[in-house]
Amino acid sequence: MDIALNTLFGFPVEKELAEEINTTAKRVQVEQGEEMIRPGQSLKYMPILIRGNIKVMRPHENGGHLLLYHLEQGQTCSMTLNCCMADAQSEIYAIAETSTELLMIPIHKMEEWMKKYHSWRKFILNSYHSRMMEMLESIDSIAFSHMDARLERYLSEKAHVQGKAQLSITHQEIAEDLNTSRVVISRLLKKMESEQKIQLHRNLIQLL
DNA sequence: ACATTAAGTGATT
DNA sequence: AATCACTTAATGT
């Protein structure tokens with residue numbers, strides 16, 4: 001296995017760490033739509049995303065899931081880190097939004113490397129920081145924005161992680177991610193269309 | 001041609 | 001913003 005860790009992390013990595021990662025990490029391929037982490041599950045590995053993207057959601061009693069954020073290349077899930085370090089169970093639900101490739105690092109390694117390698121510590125702390133900021137953004141948008149703003153944010157994030165301006169998605173699916181009803185989404189999308197922001201088709205939304 | 005699923009809309013709370 | 005009830009449009013069999 002030979003992965004460009006410098007590119008993945010965004011800064012130089014110690015040679016010894018790169019070697020350790022290459023020998024201990026399991027490289028895993030996950031198909032689109034596959035369930036990766038379930039609430040209540042205890043975690044033995046921390047994932048680092050090599051390719052693709054992952055949807056992280058907070059489950060609710062009524063069976064719905066509220067979208068928290070997406071994970072992209074070079075990122076790891078801070079909720080997972082939390083669980084690993086506290087030896088706790090998952091509070092979140094994660095599925096692969098596209099087919100993805102991951103490095104799975106055993107959690108005991110993760111703690112060991114925190115002490116040994118500066119670049120690893122930096123990677124973990126950076127990850128924590130950026131996940132935390134995204135979480136704050138999500139909280140802001142839920143608490144202080146109305147559904148129209150949340151929807152626009154949702155669409156642009158979706159377009160960003162998929163690298164496309166055409167989203168193959170139904171109004172119902174959007175409604176589930178935002179924990180609202182399909183009717184509301186349909187109305188707001190219709191409004192956006194009349195404002196020339198998007199074009200609507202069956203199972204497809206074209207961003208302009 | 002018929003059934004099913006996605007999307008659009010007015011009225012009500 | 002949510003829900004109901006209904007319509008219309010697109011797709012599958």
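Below, read A as the first sequence line, B as the second, and so on, with proteins coming before strands; counting in each chain starts at 1.
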Under 4.0 Å: is that the gap between some side-chain N or O of A:His171 and OP1 or OP2 of B:dG8?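 Affirmative; the distance criterion is met.
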Can you check whether A:Thr170 has a side-chain N or O nearer than 4.0 Å to OP1 or OP2 of B:dT5?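 False: A:Thr170 side-chain N/O out of range (4.0 Å or more) of B:dT5 OP1/OP2.
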Most 5' of A:Arg187 and A:Ile169 on DNA chain B, judged by nearest nucleotide: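 Residue closer to the 5' terminus by nearest nucleotide: A:Ile169.
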In whole Å, I'd like the distance from the [atom1] atom of [X] to the [atom2] atom of [N].
{"X": "A:Ile205", "N": "B:dG8", "atom1": "CD1", "atom2": "P", "value": "9 Å"}
{"X": "A:Gln199", "N": "B:dG8", "atom1": "CD", "atom2": "P", "value": "13 Å"}
{"X": "A:Asn203", "N": "B:dA7", "atom1": "CG", "atom2": "C1'", "value": "10 Å"}
{"X": "A:Lys191", "N": "B:dG8", "atom1": "NZ", "atom2": "C1'", "value": "16 Å"}
{"X": "A:Ile198", "N": "B:dG8", "atom1": "CD1", "atom2": "C1'", "value": "13 Å"}
{"X": "A:Ile174", "N": "B:dA6", "atom1": "CD1", "atom2": "C1'", "value": "12 Å"}
{"X": "A:Leu204", "N": "C:dT11", "atom1": "CG", "atom2": "C1'", "value": "15 Å"}
{"X": "A:Gln172", "N": "C:dT3", "atom1": "CD", "atom2": "C1'", "value": "13 Å"}

Measure distances between side-chain N and O atoms of A:Arg202 and base N and O atoms of C:dT11, and say whether any donor-acceptor pair falls under 3.5 Å.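 Under the 3.5 Å cut-off, the side chain and the base do not form any donor-acceptor pair.
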Kindly indicate whether the side chain of A:Arg182 and the base of B:dA7 share any N or O donor-acceptor pair separated by less than 3.5 Å?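 Looking at the base of B:dA7, it does pair with a donor or acceptor on the side chain of A:Arg182 (distance under 3.5 Å).
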How about [X] and [Y]: does a side-chain donor come under 3.5 Å of a side-chain acceptor?
{"X": "A:Glu31", "Y": "A:Ser99", "value": "no"}
{"X": "A:Arg182", "Y": "A:Thr170", "value": "no"}
{"X": "A:Glu157", "Y": "A:Tyr69", "value": "no"}

Among A:Gln199, A:Gln166, A:Glu193, find the one that has a side chain to side chain donor-acceptor pair (under 3.5 Å) with A:Gln206.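 Of A:Gln199, A:Gln166, A:Glu193, side chain to side chain donor-acceptor pair (under 3.5 Å) with A:Gln206 is met by A:Gln166 alone.
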Count the heavy atoms belonging to other residues, nucleotides or ligands that lie under 6.0 Å from NE2 of A:His146, then report whether that count exceeds 12.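 Check fails, neighbour count at 12 or below.
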Just to be sure I understand the rule, does A:Ser181 reach a base, reach only the sugar-phosphate, or reach nothing, if contact means heavy atoms closer than 4.0 Å?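 Answer is base: heavy atoms of A:Ser181 come under 4.0 Å of a base.
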